[in-house]
Amino acid sequence: MKDLCLFNSQRLTVSALKQTLNHVELNQLIAILSPEVTRYLPPSFHGITTPVDAKVWLNDQAHTSQIYGIYHNAELTLIGLLIIYEDNGHAHIGYLFDAQYWGKGYASELLKALIHYGKAKTQWRVIHGGVSVDNPASAHVLSKMGFTKTPSNTSDMLQFELAL
């Protein structure tokens with residue numbers, strides 16, 4: 001985990017997610033991709049219930065984006081995912097946490113560390129994030145961290161951006 005570290009915060013370490021996860025990590029990934037967590041996400045995130053499903057999903061996602069594991073420093077467990085697609089100075093992000101970690105400030109902590117990383121270590125000019133209109137908690141976190149709402153191409157999504 002530490003040798004692949006992208007950045008960390010007080011409680012979290014964000015590291016490149018290996019294509020060869022062990023059995024424990026695959027089960028943690030399945031928990032993160034539970035129906036409760038993925039209900040507002042695209043269909044490609046749904047139905048991940050076995051280690052084989054998780055391996056296929058991870059391989060498919062890695063073709064278009066960078067996939068990072070969010071690890072809990074004290075527990076040394078995979079508790080979430082950070083997905084980044086970079087395009088010409090723009091970072092399009094998505095993040096999700098195992099439901100047992102919701103409401104404990106992890107998303108805000110992740111975004112604060114990501115913004116610091118983006119300013120200090122990348123050529124990003126803007127970070128973009130999108131959330132379902134049915135997910136006001138995620139929209140609130142983005143707003144709280146300084147992201148501003150921007151026009152969306154669809155009525156079921158809210159788009160946000162933060163200039164670095």
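As a basis for the values below, the full set of heavy atoms in this structure was taken, side chains included, without hydrogen atoms, waters or symmetry mates. All of these numbers come straight from a predicted model, not from anything done at the bench.
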*How many angstroms lie between atom NZ of K55 and atom OG1 of T50, to the nearest 0.5 angstrom?*
9.5 Å
*Nearest 0.5 Å please: distance from the CG atom of L33 over to the CG atom of D53.*
10.0 Å
_Are there over 12 heavy-atom neighbours, none belonging to Q10, within less than 6.0 Å of that residue's CD?_
no
_Exercise: identify the closest heavy-atom pair between S138 and V131_ = CB-CG1, 3.6 Å
*asked:* How close do A91 and I84 get, counting heavy atoms only, and between which atoms?
replied: CB-CG2, 4.2 Å
*Verify same cluster id: L41, Y68 (apolar side-chain graph, 4.5 Å)*: yes
*In terms of the angle between their ring planes, are H92 and Y85 parallel, tilted or perpendicular, with boundaries placed at 30° and 60°?*
tilted
*Check whether Y40 and L110 end up in the same hydrophobic cluster, where Ile, Leu, Val, Met, Phe, Trp and Tyr are linked by side-chain heavy atoms less than 4.5 Å apart.*
no
*Can you find a heavy atom in the side chain of D156 that is under 4.5 Å from one in the side chain of D134?*
no
*Should V14 and L114 be marked as a side-chain contact (heavy atoms from CB on, under 4.5 Å) after you check the CA-CA gap, both sets of side-chain angles, and the distance that decides it?*
CA-CA 9 Å; V14 176; L114 175 67; over 6 Å; no
*Determine, using the 4.5 Å side-chain heavy-atom cutoff (strictly less than), whether I83 and V126 are members of one ILVMFWY cluster.*
no
*Do I48 and T38 touch side chain to side chain, with heavy atoms closer than 4.5 Å?*
no
*How about H90: does its NE2 atom have over 12 heavy atoms from other parts shown lying under 6.0 Å from it?*
yes
_Other residues, nucleotides and ligands only: do more than 12 of their heavy atoms fall within 6.0 Å of CG on N153?_
no
*Check G130 against Q159 and note the closest heavy-atom contact, atom names and distance.*
CA-OE1, 3.9 Å
*How long is the gap from OG on S65 to CG on L81, to the nearest 0.5 Å?*
11.5 Å
*If you measure from CD on Q28 to CG on L26, what distance do you get to the nearest 0.5 Å?*
9.5 Å
*asked:* I'd like to know if F7 and L162 are part of one continuous hydrophobic network [Ile/Leu/Val/Met/Phe/Trp/Tyr, side-chain heavy atoms within less than 4.5 Å].
replied: yes
_Atom pair OG1/CD of T77 and E25 - distance to nearest 0.5 Å_ = 10.0 Å
*Could you check D98, I70, L111, I79 and say which one makes a side-chain contact (heavy atoms from CB on, under 4.5 Å) with Y106?*
I79
*Specify the closest pair of heavy atoms between Y95 and A107, including all atoms of both residues, with the distance to one decimal.*
CE1-CB, 3.8 Å
*Let me see the working for M145 and K112 under side-chain contact (heavy atoms from CB on, under 4.5 Å), right down to the final yes or no.*
CA-CA 7 Å; M145 297 310 300; K112 182 177 180 182; 3.6 Å; yes
*Check step by step if side-chain contact (heavy atoms from CB on, under 4.5 Å) holds for L29 and W57.*
CA-CA 10 Å; L29 180 58; W57 178 86; 4.2 Å; yes
*asked:* Side chains of I32 and Y101, heavy atoms from C-beta outward: is any pair under 4.5 Å?
replied: no
*Rounded to the nearest 0.5 Å, how far does CG of L142 lie from CG of L158?*
9.5 Å
*Under 4.5 Å between side-chain heavy atoms, hopping through other hydrophobics if needed: is there a path connecting V37 to M157?*
no
_Checking S9 against E109: is there a side-chain donor and acceptor pair closer than 3.5 Å?_
yes
_Contact summary for W102 and F97, nearest pair of heavy atoms_ = NE1-O, 2.9 Å
*State, with a plain yes or no, whether a side-chain heavy atom of E161 is found less than 4.5 Å away from one of T148.*
yes
*asked:* Would you say the ring centers of F147 and F160 fall short of 6.0 Å from each other?
replied: no
_Using a 6.0 Å cut-off, check whether atom NZ of K149 has over 12 heavy atoms from anything other than its own residue._
no
*Closest approach of P51 to I30 (non-hydrogen atoms, all atoms of both residues)*: N-CD1, 3.5 Å
*Any chance you could lay out the side-chain contact (heavy atoms from CB on, under 4.5 Å) test for S44 and Q61, step after step, and finish with the verdict?*
CA-CA 9 Å; S44 64; Q61 294 300 310; 3.7 Å; yes
